[in-house]
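Contents: one structure, followed by commentary.
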Amino acid sequence: MKKSVFLGTLSAAALLGGIASATTLEDVKARGELLCGSNAGLAGFSAPDANGVYQGFDVAMCRAIAAAVLGDPMKVKVIPLSSETRFTALSAGEVDLLSRTTTWTYSRDTDLKLDFVGTSYYDGQGFMVKKSLGVSSAKELDGATVCIQTGTTTELNLADFFKSNGMTYEPVPLKDNAEAEQQYSAGSCDVYTTDASGLAATRATFADASEHVILPEIISKEPLALTVRHGDNEWADIVKWTFNALLTAEEFGITSANVAEQAAAPGTNPEINRLLGTEGELGAMLGLDKDWAVRAIAAGGNYGEIFEANIGASTPIGLSRGLNALWTQGGLQYAPPFR
Amino acid sequence: MSDASYVREAMLPAQKPPASETGVVHWVRANLLSTWGNIVLTLLAVYVVYLILATIGPWLLRSVWTAGSLQECREIIEATWGEGKRGACFAVIAERWQQIIFGFYPRELYWRPILTLVLMLVALLPILFYETRRFSWWVGVLFAAALFGSVWGHASPVVTVLVGIAAVCLGVWLCVRGPQYLMWFSLIFPAAAFWLLWGGTVWLPVTILLGFVLGYGAYRLVSALNGLAGVIAAVVIPILWWVLLCRAAADVLQGIVPIALVELGSDQFGGFLLSTVIGVSGITFSLPLGILLALGRQSDLLIVKSFCVAFIEGFRGVPLITLLFVASLLLNYFLPPGTTFDVILRVIIMVTIFAAAYLAEVIRGGLAALPRGQYEAADSLGLDYWKAQRLIIMPQALKISIPGIVGTFIGLFKDTTLVSFISLSDPMQIVSSIRANQEWNGIYWELFLFVGLLFFLFCFSMSRYSMYLERKLKTDHR
């Protein structure tokens, strides 16, 4: 056995020799695969299908980035991470980016040395209760037992909300959404609180969905953002601008269906031309080729298409665009100009 | 004298005992209804059993095995059994059982874990049932099944049949010639399993095995000159081989004779495949390490003893989950960036160390139970330390510790589910991600039942085997 332990250590040592490169982009290209930290299972955002291929809104973001960098949206290895392990995994270099419903906060940005590069989904924390409880506002929840996921911002928001309203509660801490759903439906807690998107997804799965109400109060801002390590600005730029490309594509009506056609020849709109590489050298400034944005858009469509396909009104989760509509339609999604 | 008519001359035939003293009636009266207290308890117990059956029975009865989603299941149940009725939706298992068993292993490569499993049984048989020859035929059958199954669908039927026949002949030949040949197979099995499961070039496991051969050769050569130097050479030379030359040699050999399987990453392992890989490797490697640690703890050599005590107390005093976090997260900070030290390998090492620390104490209990006379008898026979351990002490100490050892193994196997905390897809994690799909969100008991049943099968068979072993090794007449 001693030999086996040695063997393990040694094969590690043997593997050390090879790679020790400088930037994330070079690493990704050398590896030929994007390591994308995401959820092991959150309906609509990231979950493996029957063939074991991860699907969802967050995963689609990674696929777009892989398409831009590596030319193939399927060259993504989704690394499922729990709330507790996600930041360590990113810092330790186990993943290239987090696309895992991670809220952009001050302390995470500064203290944890992360860079949040684009808000893929604007969310807010809400409450779900059983109708039979007879509660119509979160202000009436004094003394309630609350199911909550540990290691998340919702845990802190909840404490703040109850404290500022002079109420008490009894937390039931849980590991993940699946466990929380189960405990809530089994009656271990009166209230389930998480991001409103998650509540909608959860409610949709109940056999008696009409017996549960989502209370009107949204008690926090939860900008769920794409996250990279601090200190590699080139890589942060690639992630940021790939996301912006998806937004801009929606703004100008470029879809997965017509992107190839529009990229074939320069059109009349110079910004579309610059985005799709038919004019100027925007790709080279990122360290990519000129078709990078075309591939990113072709992978899963523009932002609106990705939203509709995974979590939009036509899916069982049925989220409306709300804050996540483009700025031109009264939402917050706004991409700086491609110039 | 003949008027002593009260003396019976013939024996009366034996009468049946009264009905109240035999059979079901007696048993019920004696065990269930003997006192008022018992009567009350019996009634209560019957009521509880009825409650459980009345809940689960109809639920199981109304189960659905083919449906595309939980919603569909509910509709089918309501259509068949009436409005508002609930039933089990086993359709999720019908659709996703492969994921629970194999994780994300590519479907067209399922033959590799299956073949590995069957070969593992072949490798285990001569060890588990080392005294009986009954396993002989099983080996032949398993060999045949393994090769037959793995070639099936990958070659023409003629080839499959020929390989199957060859496999039966090989298996039967091995058994007839003696199990010692099979023992050799058991020894190389870990390398074979590694190659089959992870793929890549065949020469890497071969060159790693070669390290052991080199070590043995160095020991034989050098120990002729000096015993201690022999031991040192046996440790140092294989290590040098593994660190410096092993991979290069594998590459060269691969260049000359390319034999390789499709290479798979550890993220594709999941479900019971992952649990079994971690559990079986942990069990295999922790037993010898645990024995060495137990012996080391009893040693008179100060350094050996303190090392073993520190090792055992250190690793036993830390929760397994902490060790797993170290394996998955902290090691990456210590290793140079860009290192890809396989995460499953890291977990296996941690689990092995953890289980070995427990086993060492279990075995120490066995050692402590042996009378002092056994040690002295070994000494008076003139046996040296290792011979005394091998021939007299260990067989008895291990026999005493069997229940404890198997208990540790079962615990270890179940603890493999903890790897979900470091984002490996153990069966429970797979269950969670199945539930994260919109089709199956909200389904719990069916999946938990399936996973629980499989775990029970594994653990129960381990437990039954340990009881068999205890019966077989029972030499006292208590």
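Both backbone and side-chain heavy atoms feed into the values below; hydrogens, waters and symmetry mates do not. A, B, ... follow the sequence lines: proteins, then strands. Residue 1 opens every chain.
- When ring centroids are compared, Phe102(B) and Phe269(B) stay outside the 6.0 Å threshold.
- Of the two parts of Phe325(B), only the side chain, counted from C-beta on, holds a non-hydrogen atom closer than 4.5 Å to a non-hydrogen atom of chain A.
- Residues Ser266(B) and Trp198(B) have side chains that bring a donor and an acceptor to within less than 3.5 angstrom of each other.
- Between the side chains of Ser69(B) and Glu439(B), not a single donor N or O lies within less than 3.5 Å of an accepting N or O.
- For chain B, the nearby part of Leu42(A) is the backbone; its heavy atoms alone come within less than 4.5 Å.
- Ionic pairing of Glu94(A) and Arg346(B) is present here: one or more N-O contacts between side-chain nitrogen and carboxylate oxygen are shorter than 4.0 angstrom.
- Interface remark: of the candidates Pro80(A), Gly52(A), Pro48(A), Pro48(A) forms the most heavy-atom pairs closer than 4.5 Å to chain B.
- Tyr54(A) touches chain B through its side chain: at least one heavy atom from C-beta onward sits under 4.5 Å away, while N, CA, C and O do not.
- Counting heavy-atom pairs closer than 4.5 Å to chain B, the top residue among Gly41(A), Ala50(A), Ala40(A) is Ala50(A).
- Asp267(B) touches chain A through its side chain: at least one heavy atom from C-beta onward sits under 4.5 Å away, while N, CA, C and O do not.
- A cation-pi contact, defined as under 6.0 Å to the ring centre and within 45° of the axis, is absent between Lys113(A) and Phe87(A).
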